[in-house]
K.L.:
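One structure follows; several queries about it will come next.
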Amino acid sequence: MISLGISYSKAHDSSACIARDGKLLFAVAEERLSRVKHDARFPRLAVKACLDFAGAGARDLDHICFGYQRPLKGFMHDLKCLASGQQPMSGLNLLITTQHFASMWHQDGGYHHFTAAFGPTKVRPRFVDHHLAHAISAYAFSGLEQAAVLVVDGRGAWEATSIWHGHDGRLDPVLTIPWPNSLGLFYAAFTEYLGFQPNSDEWKVMGLAPYGEPGADLHQFIDLHGDRYRVNARLLLGNGNGNGSAMAALASRMGGPARKPESEIDGRHKNIAYGVQELCEQAMLALVREAVARTGCRDLCLAGGVALNSKANGKILSSGAVDRLFVQPAAADDGVALGAALAPYLEGGGRLPLQAMRQVYLGPEFDNSDIEKALSTYKLRYVKLDNVASTAADLLAAGRILGWFQGRMEFGPRALGSRSILADPRDPEMNAKVNNAVKFREWWRPFAPSMLAEAAAEYLEAAVDSPFMIVTSQVKPEKRNVIPAVTHVDGSARPQTVVEEQNPLYWRTLKAFGERTGVPVLMNTSFNLRGEPIVNTPTDALRTFFSSGMDALVIGSYLVEK
Ligand SMILES: [Fe+2]
């Protein structure tokens, strides 16, 4: 049975994946192929890549599954919210909602795009409830038989937060908190107020938070006094979702204008970031406690855009509220393609195929001949390496900043040793060097470490298996000045622990670096320039390499130096 999963909402992060007999074969976000960050268009290139990988055509598909409800369902909920006053009623709001509905209706939720590009299918498309798709993406890949499942995002059609009970390959709905009572909305609104891109730059707020202090009063926007959060959506939504009118309303209540993008960050901004993060963590912890209480399960699966908040995830784990935690590495909407593709298994009381996701190297791959072709095309000087791990470790130990392009591209937002920029984490200046020369990004955003899983207990307070850089840990105080470039101002780090089976070459490189320096840890950041998607092809890698201050590029078996 071949199943195609598609994430397409016209909002952000379109993607596609393909599974055969319940096994995930290939997954990629449209942005990596189109080179448009957070590309929200129908994922034509991603679908084509999935079909090509599986050697399948449109007529071979047994299921074609979208990770969103049919357009009418969302529209009806929006009308209800407007009529009841939960969302400010205005001509503009009504127009935006109606326009979106009409467009998605006209496209049959994206299916018309599919048939126009790939021809007719033998099956009708299936539209999977958005939060169910998120929930499947977390539970089915967790490796857990029984779990509480928590989904928290901006919004689905009507859902903002949902709790599920995963057991025996099934998912029972436990609780739904409908839009616009949305933690994702709360975080996104303040992301915009602080001068960043909402539904994209929430990381920046999370990274800025430790520089602030308690004091910003945000309680009129979110109430945490009951067991469950309540977001005052009327204050966060203007005449049109997230537009200037919302920012004007926020400005008057916050006693100051929204920060202009790229302008200076002051103490007030830092304190607001601190407050937003703090309240988000409290709200998440309350939801986790409720999920555990209602399901009787102390193992937790998380998905939805808010589950990318690695700081909150770290707090959940260290709170003792749960025993085990699995966070779907593609927790945002790119990941709903995974859940949608498996949804047919639930039909007629069926069971999901359960599998432990141990790696996310699910994207395109380019072999040495592809790479050599690109190198020759651009008439570049290069050498072929006998031992890639050893040469890379030598260069890194000598303080060089390395582009690293190997194997299949990662699915999800993190670079995990396939499309990475690597550097020496022992150099206290390395953070600034990489920021200024390569990533051109904000000074306060921390870089993350990759480390041999075997060494995690030596460096981290509570070393857990952390293959996806999605849960924050505290670096042991005596190790903070050993790896200063990847230790945040509050002593935290967002580690990737690497075991040999997941990525043998990357593991060997970490090991070789450890043999040379005594520290089997590397700074690992995604291989892209600021504002661009992570590189996909050898040509993307070469273009990025030569547009930045990286010193050398290890691409397949080849070394390119400047
Ligand atoms: Fe979502």
Side-chain angles (χ1 to χ4, degrees), residues 5-17 27 29-31 38-43 46 65-71 73-75 77-78 81 100 104 109-110 127-141 149-164 171 173 175-189 191 197-203 229 231 233 241-242 280 283-284 287 291 301-309 312-313 326-343 411-413 470:
I6 294 176
S7 172
Y8 172 57
S9 66
K10 290 186 72 184
H12 45 81
D13 299 313
S14 299
S15 71
C17 74
E30 185 72 359
E31 65 159 29
H38 297 303
D39 200 340
R41 294 171 293 181
F42 180 80
C65 313
F66 288 83
Y68 292 88
Q69 288 92 335
R70 282 194 177 279
K73 289 192 176 183
F75 184 53
H77 181 73
D78 278 354
C81 290
H100 183 264
M104 290 304 278
F127 292 89
V128 182
D129 286 1
H130 185 65
H131 271 222
L132 174 61
H134 271 309
I136 296 171
S137 79
Y139 170 58
F141 294 101
V149 182
L150 175 61
V151 178
V152 189
D153 66 2
R155 69 172 296 183
W158 58 80
E159 325 94 318
T161 293
S162 59
I163 295 173
W164 307 73
L171 275 163
L175 171 82
T176 300
I177 301 176
W179 165 268
N181 185 13
S182 163
L183 205 48
L185 166 67
F186 166 73
Y187 213 109
T191 298
Q197 183 75 32
N199 300 312
S200 168
D201 291 348
E202 278 72 8
W203 318 96
Y229 77 87
V231 167
N241 193 353
C280 175
M284 284 294 277
L287 285 170
C301 302
L302 270 182
V306 181
L308 290 175
N309 194 308
N313 298 343
F326 173 79
V327 187
Q328 165 53 243
D333 284 353
D334 49 350
V336 295
L338 309 182
L342 297 189
F411 184 60
I470 204 162

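Positions are given from 1, in the same order as the sequence printed here. Numbering of ligands and ligand atoms starts at 1, following listing order.
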K.L.:
Is a side-chain donor-acceptor pair under 3.5 Å present for Asp39 with His12?
P.N.:
no
K.L.:
Are any of the side-chain heavy atoms of Val149 and Ile163 separated by less than 4.5 Å?
P.N.:
no
K.L.:
Find out whether Asp153 and Asp333 are in side-chain contact, i.e. whether some heavy atom of one side chain is under 4.5 Å from a heavy atom of the other.
P.N.:
yes
K.L.:
For a 4.5 angstrom cut-off between non-hydrogen side-chain atoms, does Val306 reach Met284?
P.N.:
yes
K.L.:
Considering only heavy atoms from C-beta outward, does the side chain of Lys10 approach that of Tyr8 to under 4.5 Å?
P.N.:
yes
K.L.:
Could you please give the number of protein N/O/S atoms within less than 2.8 Å of the Fe ion (ligand 1)?
P.N.:
4
K.L.:
Under the side-chain contact (heavy atoms from CB on, under 4.5 Å) test, which residues partner Thr161, sequence neighbours left out?
P.N.:
Leu150, Val152, Ile177, Tyr229, Leu287
